[in-house]
There are 2 protein chains.
Amino acid sequence: MTSRTPVPSTAAALRDLAARGEWTGPTAGILDGYQQANLVVVPHDLAFDFLLYCVRNPAPCPVLAVTEPGDPVVRLGDTVADLRTDLPRYRVWRRGQLVDEPHDITAYWREDAVGFLLGCSHTFEGPLRRAGVPVRYAASSAAPAVYVTDVPTQPAGRLSGPLVVSMRAVPGPLVARAVEVTSRYPTGHGAPVHIGDPAELGITDLGRPDFGPPPVIEPGDTPVFWACGVTPQLVLPSAAADYSMTHYPGHMLVFDHSIDVPQDCVTHFISQHRGQNRR
Amino acid sequence: MTSRTPVPSTAAALRDLAARGEWTGPTAGILDGYQQANLVVVPHDLAFDFLLYCVRNPAPCPVLAVTEPGDPVVRLGDTVADLRTDLPRYRVWRRGQLVDEPHDITAYWREDAVGFLLGCSHTFEGPLRRAGVPVRYAASSAAPAVYVTDVPTQPAGRLSGPLVVSMRAVPGPLVARAVEVTSRYPTGHGAPVHIGDPAELGITDLGRPDFGPPPVIEPGDTPVFWACGVTPQLVLPSAAADYSMTHYPGHMLVFDHSIDVPQDCVTHFISQHRGQNRR
């Protein structure tokens with residue numbers, strides 16, 4: 001089980017352990033420097049609406065990769081991963097109702113399933129720490145406090161819902177640095193969406209997050225809010241799709257590539273495409 | 001007709017003239033500083049493949065806006081435009097064959113039509129000139145030379161094809177500046193995809209472009225290649241959709257907003273969404 005399994009040193013090794021059922025715990029706080037991703041799986045007939053929702057809301061839903069209908073394998077950079085097995089844990093929904101939280105979704109996979117991998121803020125916490133910005137969590141947790149705001153996201157087709165944000169309390173003199181660092185990671189939700197008064201987002205009590213543990217806030221800290229990958233999980237039930245599947249919170253897909261080397265830089269366009277064609 | 005109609009001073013005025021059939025000419029080289037856009041219209045059943053193609057190929061296909069199925073009106077920033085009438089000229093395709101090049105597509109619009117507005121390199125030519133980088137065109141033209149490369153784009157579903165590039169010859173000492181300036185306009189195709197030897201892209205003769213006039217190249221110039229919005233026009237016939245529609249080359253939709261104020265900056269997320277919700 002997770003508690004007795006040492007943390008592997010590579011993303012590929014972690015995915016192997018997850019596929020064998022030997023790593024069932026969260027990926028938050030481990031494998032610092034690797035790109036981690038949220039998973040959303042929807043039927044093909046909802047895929048256009050969902051992709052459009054992501055394009056219209058790139059801060060909470062930065063698209064890293066999308067699979068072809070029915071194909072459970074995602075390829076991105078050097079990573080080849082099976083979406084049915086290579087995450088530690090999943091959630092399965094039927095017509096908007098949560099029906100299972102398994103460690104493997106092979107039995108639930110369908111011929112029309114389309115998988116979306118969306119960027120994750122776990123990605124920028126290592127760079128924040130290395131830049132001298134403390135990332136403070138409750139001792140028992142490696143997850144930030146997460147809040148549902150009253151800010152609407154841009155709807156798309158059958159999909160609509162509020163923006164969800166994660167909050168990290170940052171010492172006042174380091175707030176600008178936190179913005180600078182995270183703005184370099186658009187695939188990790190990018191720059192903050194708000195700094196300061198939580199009431200601007202309709203959040204009445206920082207001490208009572210909607211998800212995750214209460215935050216650690218020290219004197220002189222400023223609350224800094226980033227768009228959060230939980231946003232699409234709140235939007236999907238509104239579509240009441242036949243089925244949808246997501247990662248279990250904190251239990252992400254971990255890619256092989258480091259986020260310290262941008263993967264989406266258009267100046268690499270030619271070599272990337274030549275390379276992918278050869279593979 | 002165009003030749004006797006003075007160039008209007010605002011994008012909204014140009015769209016009005018186009019809708020009344022009083023502006024039928026190109027938009028290249030006019031209204032410097034406004035965001036211009038390529039148009040692609042496809043049936044809803046091809047919309048997921050096409051949006052995914054754009055997401056996988058953001059350099060040639062930067063998505064500015066997508067309409068809801070059947071709705072011909074696009075809203076972006078302050079712009080409200082009717083895709084059926086507000087461009088000066090269009091192309092209409094049936095099952096991959098070009099069937100018409102009208103000034104209005106009202107008669108061709110369908111209940112399942114989805115419109116995509118994609119960024120355009122006309123957008124960065126004004127900023128290039130203001131940065132001291134000459135943009136040299138044949139005297140008779142305000143359009144760059146455009147080439148079909150042998151570099152494959154990332155396929156998506158039924159859509160695949162080669163990357164198409166525009167070329168501008170830049171004096172050697174100004175190449176770095178050209179990269180710096182254009183990299184600030186991801187919605188105008190962003191940084192170059194290649195600098196230097198055209199053979200690297202499978203282009204054998206710069207003097208014979210696939211589209212547009214032969215380029216003006218002076219001694220000491222270096223060829224600089226940007227991803228081009230013609231790319232999706234070459235990809236659509238491969239899908240042999242029931243129908244598709246595009247702008248006529250050089251005859252773009254012009255938005256009300258200036259591209260000197262980035263529209264996609266995530267730090268504006270909250271105010272943008274609040275604003276769009278009120279409208």
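Just so we're on the same page: letters track the sequence lines, and every chain starts at 1.
A:Glu68 contributes no side-chain N or O that, together with a main-chain N or O of B:Ala156, makes up a donor-acceptor pair within less than 3.5 Å. The backbone N or O of B:Val66 lies less than 3.5 Å from a partner atom in the side chain of A:Arg56, making a donor-acceptor pair.
Heavy atoms closer than 4.5 Å to chain B are found in the side chain of A:Phe116, but not in its backbone.
To the nearest 0.5 Å, the span separating CG on B:Leu52 from OG1 on A:Thr67 amounts to 9.0 Å. Here B:Asp49 contributes atom CG and A:His44 contributes atom NE2; the two are 6.0 Å apart, rounded to the nearest 0.5 Å.
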